[in-house]
J.: 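Supplied in structure tokens, the structure appears directly below.
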Amino acid sequence: MERTAVTLIVLSLSASAVHALDNGLAMTPPMGWSSWNHYHRNYNETVFYDNAKVLAANGMKEVGYEYINIDGGWWAGSDTGHAQRNASGYMQINKDKFPNTIEKLVDYVHSLGLKWGHYTDAGKNFCNRDAPASYGYEEQDAKLFVSFGSDMVKIDACGTTGDEHQPTMAKWARLFNESGRPVLISNCHNGCQTNAWGNWCPTSANMWRSSSDIGSSWKRIMSNLATLVGRGEYGAPGRWNDPDFLEVGNSGISDVEGISHFSLWCVTSSPLIAGNDLTTMSAGTLATYTNKVAISVNQRYLNNAGDQVMANGTQQVWAKPLPDNEYGVVLLNHDDKLSQTITFALSKLGIAASATCQVYNIWTGGNGTATATISSGI
């Protein structure tokens, strides 16, 4: 059988306060699209023009998707081993991929009411070994990305060492804050993964990767999800855990697995960054990406970003407290052969056994009530 998840909203309440990078951005988990999962470095400017145009017109923009993000491969000399910089140290653009310039592309994205996300590596080389990357060129690269009109920058770490992570990310945060342009900072592997998180992480980035790179398989999705266990307390407005971008709609992920994947990213306040080809996606994939109730679970926050609250063999329950006396809950069966009934005690959410909760299934539209437990055959 395919893996399935049932997402529900039930009763609860509480409150709290947090601190984050002082740039006023990512007060809710970022939403948008990225080129990497589907295209990797195999793109040109048409990919971005086309996907931006679709996102602005197909209903995704209306429900909150706003960033159009480029990933590795935009620089001159991509995949040759030699990233090209001019005499002043400024990275040169791959004119074969962007004959009309990145600036014009970014202007087009902005004209659609969307935002542009750029990419670099904090180390001495990029992930494909092109060098030099941004190490030692932080000031030039920050100025370049701001000159493009970038609204977000993903900073990778393929060419770095552990000792560099904290001071390097602090430098990037300072440069962007001093630029006068609001730039959301996405920390990709510069520390802050599971077992490496420190209190400095939210002071220099708005989101940080908790995991290795995701892949277009259920096994990889579950592996990345596992890095969020016990991390719900770290996520809050302005500062979010990032188990990597979404594979919904990509080859290797069924529609049902896509719904499960999306549900789990919603209930953990993970950034909702689509990673598929928007120009060819099915109506079912679009419906998953634009489910307003699921997105509302992702975008609302009370005092925890969402965490695993039950694990029993192939059964898991993930939950997130929400305002208005609500909880987002995902019941997950990740057995690839057997259907199961999952029963979850509401007392684990601090809900009194005598309380009657209204229950709404986000994906089927079914509703009802529950007392003491919720249970579903999956």
Side-chain angles (χ1 to χ4, degrees), residues 20-21 23 26 30 34-37 40-41 69-85 89-92 117-146 148 150 152-179 183-215 220 223-224 227 231 234 239-245 271 273:
L21 174 63
N23 63 6
S34 169
S35 59
W36 181 256
N37 287 2
H40 297 281
R41 289 186 295 276
N69 295 340
I70 196 170
D71 212 281
W74 57 268
W75 50 88
S78 175
D79 292 322
T80 68
H82 302 284
Q84 297 176 18
R85 294 181 178 271
Y90 286 88
M91 189 72 77
Q92 302 299 286
H118 214 73
Y119 170 90
T120 192
D121 193 293
K124 296 179 180 180
N125 57 264
F126 292 99
C127 294
N128 65 344
R129 301 303 178 187
D130 287 347
S134 284
Y135 183 80
Y137 296 94
E138 292 90 352
E139 292 193 10
Q140 292 97 323
D141 289 353
K143 289 178 182 177
L144 181 66
F145 303 154
V146 168
F148 290 159
S150 300
M152 173 178 177
V153 174
K154 174 182 172 182
I155 304 172
D156 217 328
C158 287
T160 66
T161 65
D163 292 342
E164 302 165 352
H165 292 155
Q166 182 174 353
T168 297
M169 290 306 302
K171 184 174 185 178
W172 280 104
R174 175 180 60 80
L175 289 170
F176 284 129
N177 282 346
E178 290 176 351
S179 75
V183 177
L184 189 158
I185 300 175
S186 172
N187 176 351
C188 181
H189 295 147
N190 287 282
C192 306
Q193 300 100 297
T194 297
N195 301 324
W197 196 89
N199 290 331
W200 63 269
C201 295
T203 68
S204 59
N206 299 106
M207 51 191 276
W208 51 81
R209 281 281 292 279
S210 62
S211 66
S212 60
D213 285 0
I214 202 167
R220 294 283 291 276
S223 176
N224 284 33
T227 66
R231 294 175 63 100
Y234 300 153
R239 41 179 278 183
W240 305 106
N241 297 309
D242 172 21
D244 208 359
F245 300 159
I273 308 293

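Worth knowing before you read on, the calculation uses all heavy atoms, side chains too, and leaves out hydrogens, waters and symmetry mates.
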J.: Would you say Tyr90 has more than 12 foreign heavy atoms packed within less than 6.0 Å of its OH?
T.: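 More than 12 heavy atoms, drawn from other residues, nucleotides or ligands, come within 6.0 Å of this atom.
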
J.: Please enumerate all residues that pass side chain to side chain donor-acceptor pair (under 3.5 Å) together with Arg174, with sequence neighbours excluded.
T.: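 With sequence neighbours excluded, Arg174 shows a side chain to side chain donor-acceptor pair (under 3.5 Å) to Glu178, given in chain and number order.
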
J.: If the plane angle is over 60° it's perpendicular, under 30° parallel, otherwise tilted; pick one for Tyr234 and Trp197.
T.: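 Geometry flag for Trp197 against Tyr234: parallel rings.
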
J.: Which label fits Phe126 and Trp75: parallel for a plane angle under 30°, tilted from 30 to 60°, or perpendicular past 60°?
T.: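 The rings of Phe126 and Trp75 lie parallel, inter-plane angle below 30°.
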
J.: Looking at every non-hydrogen atom in both residues, tell me the closest pair between Ser150 and His118 and how far apart they are.
T.: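 Heavy atoms only, the tightest pair is OG-CB, 3.6 Å.
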
J.: Asn23 vs Phe176, test: side-chain contact (heavy atoms from CB on, under 4.5 Å). Steps then yes/no.
T.: CA-CA 9 Å; Asn23 63 6; Phe176 284 129; over 6 Å; no

J.: So Asp156 and Tyr119, side-chain hydrogen bond (donor to acceptor under 3.5 Å, both in side chains) or not? Walk me through it.
T.: CA-CA 8 Å; Asp156 217 328; Tyr119 170 90; 2.8 Å; yes

J.: Identify the heavy atoms of Gly89 and Gln140 that sit nearest to each other, and give their distance.
T.: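 Here Gly89 and Gln140 meet closest at O-CB, 3.8 Å.
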
J.: Looking at CD1 of Ile70 and OG of Ser34, how far apart are the two atoms once the value is rounded to the nearest 0.5 Å?
T.: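 Ile70 atom CD1 to Ser34 atom OG measures 9.5 Å (nearest 0.5 Å).
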
J.: If you compare all heavy atoms of Met152 against all heavy atoms of Ser186, which two are closest, and at what distance to 0.1 Å?
T.: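 Minimum heavy-atom contact is CE-CB, 3.9 Å.
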
J.: Ring of Tyr137, cation from Arg85 - is the NZ or CZ under 6.0 Å from the centre and inside 45° of the axis?
T.: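 Cation-pi check for Arg85 and Tyr137: passes.
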
J.: Any idea which heavy atoms bring Ala133 and Asp121 closest together, and the distance?
T.: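 Of all heavy-atom pairs spanning Ala133 and Asp121, the closest is CB-O, 3.6 Å.
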
J.: Looking only at heavy atoms, what is the nearest atom pair of Ser211 and Asn224, with distance?
T.: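 In terms of heavy atoms, the two residues are closest at OG-ND2, 3.0 Å.
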
J.: Kindly indicate, with the supporting measurements, whether the criterion side-chain contact (heavy atoms from CB on, under 4.5 Å) is fulfilled by Met91 and Leu144.
T.: CA-CA 8 Å; Met91 189 72 77; Leu144 181 66; 4.1 Å; yes

J.: Does any non-hydrogen side-chain atom of Glu138 lie less than 4.5 Å from one of Leu175?
T.: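 They are in side-chain contact.
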
J.: Given Asn241 and Trp208, is the side-chain hydrogen bond (donor to acceptor under 3.5 Å, both in side chains) satisfied, shown in steps?
T.: CA-CA 6 Å; Asn241 297 309; Trp208 51 81; 3.1 Å; yes

J.: Aromatic contact between Trp200 and His165, with the criterion being ring centroids under 6.0 Å apart: yes or no?
T.: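 Centroid separation for Trp200 and His165: 6.0 Å or greater.
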
J.: Set out, in order, the CA-CA distance, both residues' side-chain angles and the distance that settles side-chain hydrogen bond (donor to acceptor under 3.5 Å, both in side chains) for Ser210 and Thr227, then state yes or no.
T.: CA-CA 6 Å; Ser210 62; Thr227 66; 2.8 Å; yes

J.: Determine whether more than 12 heavy atoms belonging to other residues, nucleotides or ligands lie under 6.0 Å from atom NZ of Lys124.
T.: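 Atom NZ in Lys124 is not crowded, with 12 or fewer foreign heavy atoms closer than 6.0 Å.
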
J.: Can you tell me if Asp141 and Ser134 form a side-chain donor-acceptor pair at under 3.5 Å?
T.: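 A donor-acceptor contact under 3.5 Å links the two side chains.
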
J.: Please lay out, stage by stage, how Val153 and Val183 fare under the test side-chain contact (heavy atoms from CB on, under 4.5 Å).
T.: CA-CA 7 Å; Val153 174; Val183 177; 3.8 Å; yes

J.: Going through the checks in order, is the ring-ring contact (aromatic ring centres under 6.0 Å, His included) test met by Trp36 and Phe245?
T.: CA-CA 9 Å; Trp36 181 256; Phe245 300 159; over 10 Å; no

J.: Hey, mind stepping through Asn125 and Asp130 against side-chain contact (heavy atoms from CB on, under 4.5 Å) and telling me if it holds?
T.: CA-CA 6 Å; Asn125 57 264; Asp130 287 347; over 6 Å; no

J.: Could you check whether atom NE2 of His40 has more than 12 heavy atoms from other residues, nucleotides or ligands sitting under 6.0 Å from it?
T.: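 Yes, enclosed.
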
J.: Measure across Pro30 and Leu184 and return the closest heavy-atom pair with its distance rounded to 0.1 Å.
T.: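 Closest approach of Pro30 to Leu184: CG-CD1, 3.6 Å.
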
